[in-house]
Amino acid sequence: MKRDQSDIVNNQGSLSVSDESIARLLCDDNHVEEAVRLIMKKYGEPLYWHIRRMVVAHDDAEDCLQETMINVYKYRSTYSNEYPLSSWLYKIATNESLKLLKNRSGFTLSVDDLGDSLKDSVREEAAPDADETLILLQEAIALLPAKQKMVFNLRYYDDKSYEEIHQIVGDSVNTLKTNYHYAVQKIKDYILEHQL
Amino acid sequence: MKDFDLEGLGREMPYKMPEHFLDDMTERVVAQIAKQQHKQHRERRIIALFASAASVAAVALLFLHPFGGRLDIPSYESISQCASVDEVLQNMTAEELGVYSMMSNYYGN
């Protein structure tokens, strides 16, 4: 299959394939494997960290990422060029993370009630040499309601625009801005309260 | 109240990703997708096999009964060759005749 001229060879010598080409490969039964490899190469790491920031534990992030990629394969025919491929991938990854948290919370609790247990996991999962402020930041994020957490992470860590976050989360841009504002305020309050 | 710059914290994470994690994950996902593709191909082959068998059967039926099949209803001629009611009655035992007359009375002949 021919690739776009926009596909360029980067300075590491590996091919940087455009999202349009990956999407086209994904919809071709004979090139699915190639498409999946390219997605993992290009988006595997950002998707892993996006999921990990939501679910905290590495094992859970591993399950979610695997399920995300299987869903990418299963529902590849539903992908529309209307949205960027990255937004579609983040949307699937976000849904998988929320699904895992929902399963964890059971019937009686909501995902937002998991804050304390996620906060406890942050310290357990942190590397021994991790900076204390970074741990506090992750604890503060873990305590946020799911929607605020998603918006904050996508904006702060993934540098997504509100328009892109809208494509992933679905809320209006104004609602997203409000969520981000509240999230930042809560995080600042938490860190100021707990910082030595 | 002191304030701090959130931006100043940076984007680093306090966690670590295990070495070769993404490569291992890629191989696992590709293997799982290959398994699903194989399963889908097998299902498609079975469906195609059934579909072609049904088509062959339909064509064969068309050749065997080109103008549509007829129900196996006995013709008037074959019915008329049957033994008459009198003949049947003559061959009945006394017991069978008793039952027959009871039934005839019950159903009004």
Side-chain angles (χ1 to χ4, degrees), chain A residues 29-30 32-41 43-45 47-49 52-53 56-58 61-62 65-70 72-74 76 121-140 152-153 156-159 183-185 187-189 191-192 195, chain B residues 1-69 71:
Chain A
D29 273 354
N30 298 319
V32 171
E33 188 188 318
E34 196 185 345
V36 166
R37 285 185 188 281
L38 288 168
I39 290 172
M40 280 300 289
K41 204 175 176 69
Y43 293 108
E45 193 167 350
L47 286 176
Y48 167 79
W49 284 117
R52 182 108 192 241
R53 283 189 275 271
V56 179
H58 167 75
E62 186 175 0
L65 182 60
Q66 186 165 334
E67 212 47 49
T68 297
M69 292 309 295
I70 298 298
V72 164
Y73 164 72
K74 265 193 208 165
R76 63 195 190 282
S121 301
V122 169
R123 210 161 275 277
E124 289 164 21
E125 290 281 328
D129 56 347
D131 188 279
E132 183 60 26
T133 320
L134 294 178
I135 295 175
L136 281 180
L137 174 59
Q138 288 308 311
E139 283 182 347
F152 179 81
N153 286 339
Y156 186 78
Y157 288 103
D158 295 296
D159 276 328
V184 168
Q185 202 48 55
I187 289 168
K188 279 184 175 179
D189 289 347
I191 294 179
L192 285 172
Q195 216 168 21
Chain B
M1 187 183 173
K2 60 176 180 172
D3 201 3
F4 76 99
D5 177 22
L6 192 63
E7 289 297 317
L9 292 178
R11 268 66 173 166
E12 225 179 296
M13 295 296 292
Y15 319 124
K16 290 221 170 11
M17 189 200 311
E19 220 179 323
H20 307 302
F21 167 73
L22 288 174
D23 292 336
D24 295 346
M25 171 64 73
T26 304
E27 293 314 315
R28 230 177 309 149
V29 168
V30 164
Q32 212 170 330
I33 287 172
K35 213 189 281 179
Q36 289 204 8
Q37 271 187 316
H38 179 72
K39 195 178 152 199
Q40 272 180 345
H41 286 160
R42 215 177 50 193
E43 282 170 3
R44 276 187 209 153
R45 271 208 303 271
I46 290 170
I47 290 169
L49 199 73
F50 272 106
S52 49
S55 320
V56 168
V59 171
L61 270 172
L62 208 65
F63 273 104
L64 290 172
H65 301 281
F67 305 107
L71 287 173

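In the text below, chain A, chain B and the rest are named by the order of the sequence lines, each starting its count at 1.
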If you count heavy-atom pairs under 4.5 Å between each of [options] and chain B, which one has the most?
options                            : value
A:Val32, A:Val122, A:Val184        : A:Val122
A:Arg53, A:Met40, A:Glu33, A:Lys74 : A:Met40
A:Arg52, A:Met69, A:Glu125         : A:Arg52

message = As a quick check of understanding, evaluate side chain to side chain contact (heavy atoms under 4.5 Å, CB included) for A:Leu65 and B:Phe21, giving each step before the final call.
response = CA-CA 11 Å; A:Leu65 182 60; B:Phe21 167 73; 4.1 Å; yes
ask   = Which atom names give the shortest non-hydrogen contact between A:Tyr157 and B:Met13, and what distance separates them?
value =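 Result for this residue pair: CE2-SD, 3.9 Å.
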query = How close do B:Lys16 and A:Trp49 get, heavy atom to heavy atom, and via which atoms?
reply =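 Nearest heavy atoms, B:Lys16 then A:Trp49: C-CH2, 4.2 Å.
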For [X], is it the side chain, the backbone, both, or neither that has a heavy atom closer than 4.5 Å to a heavy atom of chain B?
X        : result
A:Tyr48  : side chain
A:Asp29  : both
A:Val72  : neither
A:Asp159 : side chain

key: CD1 on B:Ile33 to CD1 on A:Ile70, rounded to 0.5 Å   =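 The CD1 atom of A:Ile70 sits 5.0 Å away from the CD1 atom of B:Ile33.
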ask   = Can you list every side-chain hydrogen bond (donor to acceptor under 3.5 Å, both in side chains) pair that touches residues 29-39 of chain B, not counting sequence neighbours?
value =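 Residue pairs with at least one partner in residues 29-39 of chain B: A:Gln66-B:Gln32.
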key: Charged N-O contact under 4.0 Å between A:Glu132 and A:Arg123   =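 The answer is yes: the pair qualifies as a salt bridge.
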message = Looking at A:Glu45 and A:Lys41, is any side-chain nitrogen of the basic one under 4.0 Å from a carboxylate oxygen of the acidic one?
response =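 No, this pair does not count.
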message = Applying a heavy-atom distance below 4.5 Å, give me the residues of residues 23-31 of chain B that approach chain A, sorted by number.
response =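 When heavy atoms of chain A are the reference, residues 23-31 of chain B contributes B:Met25, B:Thr26, B:Glu27, B:Arg28, B:Val29, B:Val30 within the under-4.5 Å range.
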task = Verify, without hydrogens or angle tests, whether A:Arg37 (side chain) and A:Glu34 (backbone) share a donor-acceptor contact under 3.5 angstrom.
result =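 Checked: no pair found.
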task = May I ask you to test the A:Thr68-A:Tyr43 pair for a side-chain heavy-atom distance under 4.5 Å?
result =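 Not touching, per the 4.5 Å side-chain cut-off.
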